[in-house]
There are 2 protein chains.
Amino acid sequence: MQEKKSARLNEIAVVGHHDHGAQVELTAVLVAVPNGNPVVLTIGAAAALPSGPLESSHRSLQSGLRDWVEQQTGHPLGYIEQLYTFADRDRSGEDPERRVISISYLGLTREEPSRATSSGSWRNWYEFFPWEDHRYGAPPVITDVIEPALRQWANEAAREEKRRQRWQRAIVCFGFDDQNWNEELTLQRYELLYEAGLVEEGARRNGAAGAQLVPGRAMQGDHRRILATGIARLRTKIKYRPVVFELMPPAFTLLQLQRTVEALAGVTVHKQNFRRLIEQQELVEETGQMSSETGGRPAKLFQFRHAVLDEHPVAGTK
Amino acid sequence: MQEKKSARLNEIAVVGHHDHGAQVELTAVLVAVPNGNPVVLTIGAAAALPSGPLESSHRSLQSGLRDWVEQQTGHPLGYIEQLYTFADRDRSGEDPERRVISISYLGLTREEPSRATSSGSWRNWYEFFPWEDHRYGAPPVITDVIEPALRQWANEAAREEKRRQRWQRAIVCFGFDDQNWNEELTLQRYELLYEAGLVEEGARRNGAAGAQLVPGRAMQGDHRRILATGIARLRTKIKYRPVVFELMPPAFTLLQLQRTVEALAGVTVHKQNFRRLIEQQELVEETGQMSSETGGRPAKLFQFRHAVLDEHPVAGTK
DNA sequence: CTTATTATGCTCGGATTGAGTATAATAAGG
DNA sequence: CCTTATTATACTCAATCCGAGCATAATAAG
């Protein structure tokens, strides 16, 4: 039976012989948003994402990650989602025969940043992507550094068509020339800067780190790319799934909810329209209580209507 | 250096010791749509998806898959997208210590189904999911078999709340009680039928295959779940990315394009509105030629405007 | 009692979208 | 040649959605 199966698979198979096994690593993008600050759990001075080898005792990838994170942070993980699996050869500089498979996950938690884990620290994710925060207008770094650097990079191409293509790509990613800023393109923007050699990781690979780098903290290995993947995924997801509530306390005001969404998306939204959307989708219900809060008229407190998870297959903020 | 790194990672790590390596397998959902039939490449009588172990000579997962598929089908793969990575223990019944990591991909090609590969055959994907094709109205199997079976399954639950939850889930997935059919829920529907023991794979696991099964061809292992993942992904993707064109010949009429979209989505669309959408998004341009075709007024031939890939980050059909 | 700040209700116009009507251009059958 | 069937293509209309703003309410601070 075993032999027959192998034979059939090999008829259309990637290879004819088995590899000697790969090392499998789990990497987590753990996100929380305490009072309007989007933070991610990092380890050590190199700002690595928490990760470790897959243990054989784990029943599944998901449950393994969940157990581990809950034990470490002391808070339940509300939401877990697989992000991407990397397996490129050059990721590990060691034995080129032994490949590292890196399976990355996005996890949402209500962890307070004050309660630090043994050696981990929660960092604002815009430290790594200063150009992604447009809540207070477009960051100056875009027009001061990124735009000229990308224009130069575009002009370095040999052929005219290539130059035009490069610049077109920059326009789409960063919204130059009055184009709109699209907050969901976080990964594409990082990859563009990487290719242009404008972030440390990209310059590392290209050898010559000649060009001036764009501000923004680097991470270990390709972890900044994984983080960019997680941010992009979360920014699209909140629009059609009620995942923001995994980041909220049990009771909250609508403004707190809005601030959380804005922190994730990196853009501001129209307050009245935001409320209209939330209410007409019936995502929340009043708790009956009010919030004293920071100056101004007291606000009603709301809680997530958990029944929506049963009802709507799609529903989200914006 | 190596030692320091390991020590740091272990502070927050999934485990304290290394596994002895896992076997990595690539699995492909290869899709084509020759004249309105959505087909998928399967291998052998058990209808397995093509798969094989990852070879160490491959530079990356993506390139490995691409090389292999193009060699086998003789056609270039227009589009590749990673679907999901499975690593559950019980997937392979053999050595429980040696885990199989299965990385699945979705690939789109213009392969003609007539040109069969050595032992592979292209099958209409609705053979595996008869309840997913609503192009000619809702399939009778839904009201005749699925609805009563799911109602019974719901009623088998011990507690009242659980019964209500189960039935609510069935309503959302299949659109009972005048709810709308949502074609994107392919995976959720399959998982529901699986849990209810109404598909062969689910009955297999539950041991007693007592209940009457829903019609639909099973696949090897969990390949039908992977296929459901691919279909669901494709159905959502065509709405905001111009991936359909990877499945089209160089020149096509708007009706052919519409039929392809409908084949994938499993629902029909309003013809005039479909054209309006395609044109206002400037996804296509006239070739200048007309098509003789099947009776009726000749139609203009169009081709994909490749420039949109540079321009729009988002654009799709519907 | 004025000012600042936040909460909340409501309106309005433009864009999008679902659904239909109308007309044009061809082939096939008589 | 004329009718019918079939497909292509243009245009209309209304409901809804959505961005943006106005207006008012309720609190704290000075």
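The sequence lines fix the lettering, A, B, ..., with proteins before strands; numbering per chain opens at 1.
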Review point. Would you say Arg297(B) reaches dA24(C)'s phosphate, i.e. side-chain N/O to OP1/OP2 under 4.0 Å?
Key: no
Review point. If pairing requires Watson-Crick or G-U wobble contacts with both distances under 3.5 Å, which nucleotide is the partner of dG30(D)?
Key: dC1(C)
Exercise for review: Report the distance from atom CG of Asn273(B) to atom P of dA15(D), rounded to the nearest whole Å.
Suggested key: 16 Å
Check your understanding: Got a donor-acceptor pair under 3.5 Å from the side chain of Arg276(A) to the base of dG19(D)?
Key -> yes
Review point. Parallel, tilted or perpendicular: which describes the rings of Phe174(A) and Trp181(A), with under 30° parallel and over 60° perpendicular?
Key: tilted
Practice item. Taking the side chain as every heavy atom from C-beta outward, state whether Phe304(A) and Val244(A) have any atom pair closer than 4.5 Å. Key: no
Check your understanding: Is there a donor-acceptor contact under 3.5 Å linking the side chains of Glu81(B) and Tyr79(B)?
Key -> yes
Exercise for review: Using only heavy-atom distances, determine whether the side chains of Thr42(A) and Arg123(A) contain a donor-acceptor pair under 3.5 Å.
Suggested key: yes
Check your understanding: Within the structure shown, what part of the strands sits under 4.0 Å from Lys300(A) by heavy-atom distance: base, sugar-phosphate, or nothing?
Key -> sugar-phosphate
**Study point:** Integer-rounded Å distance: dA7(C) C1' and Phe302(A) CZ
**Key:** 10 Å
**Study point:** Residue pair Thr186(B) / Glu132(B), side-chain donor-acceptor N/O under 3.5 Å
**Key:** yes
Revision key, fill the gap. Per nearest nucleotide of DNA chain D, the residue lying toward the 5' end, Pro298(A) or Leu277(A), is Leu277(A)
Review point. In whole Å, what is the span from the CE atom of Met290(B) to the P atom of dT9(D)?
Key: 6 Å
Review point. When you measure from the side chain of Lys271(B), which nucleotide among dA7(C), dT9(D), dA19(C) comes out closest?
Key: dT9(D)
Check your understanding: Please give, in whole Å, the distance from dT6(C) P to His270(A) NE2?
Key -> 16 Å
Point to revise | Length of the CD-C1' vector between Gln281(B) and dT16(C), whole Å | key: 12 Å
Review point. Rounding to a whole Å, what distance do you find between Glu286(B):CD and dA8(D):P?
Key: 14 Å
**Study point:** Distance, rounded to the nearest Å, where Phe274(A) contributes CZ and dC10(C) contributes P
**Key:** 20 Å
**Study point:** Side chain Gln272(B) and base dT21(C) donor-acceptor under 3.5 Å
**Key:** yes
Exercise for review: With heavy atoms under 4.0 Å as the rule, sort Leu255(B) into base, sugar-phosphate or nothing.
Suggested key: sugar-phosphate
Point to revise | Interatomic distance, Gln280(B) CD vs dA10(D) P [rounded to whole Å] | key: 14 Å
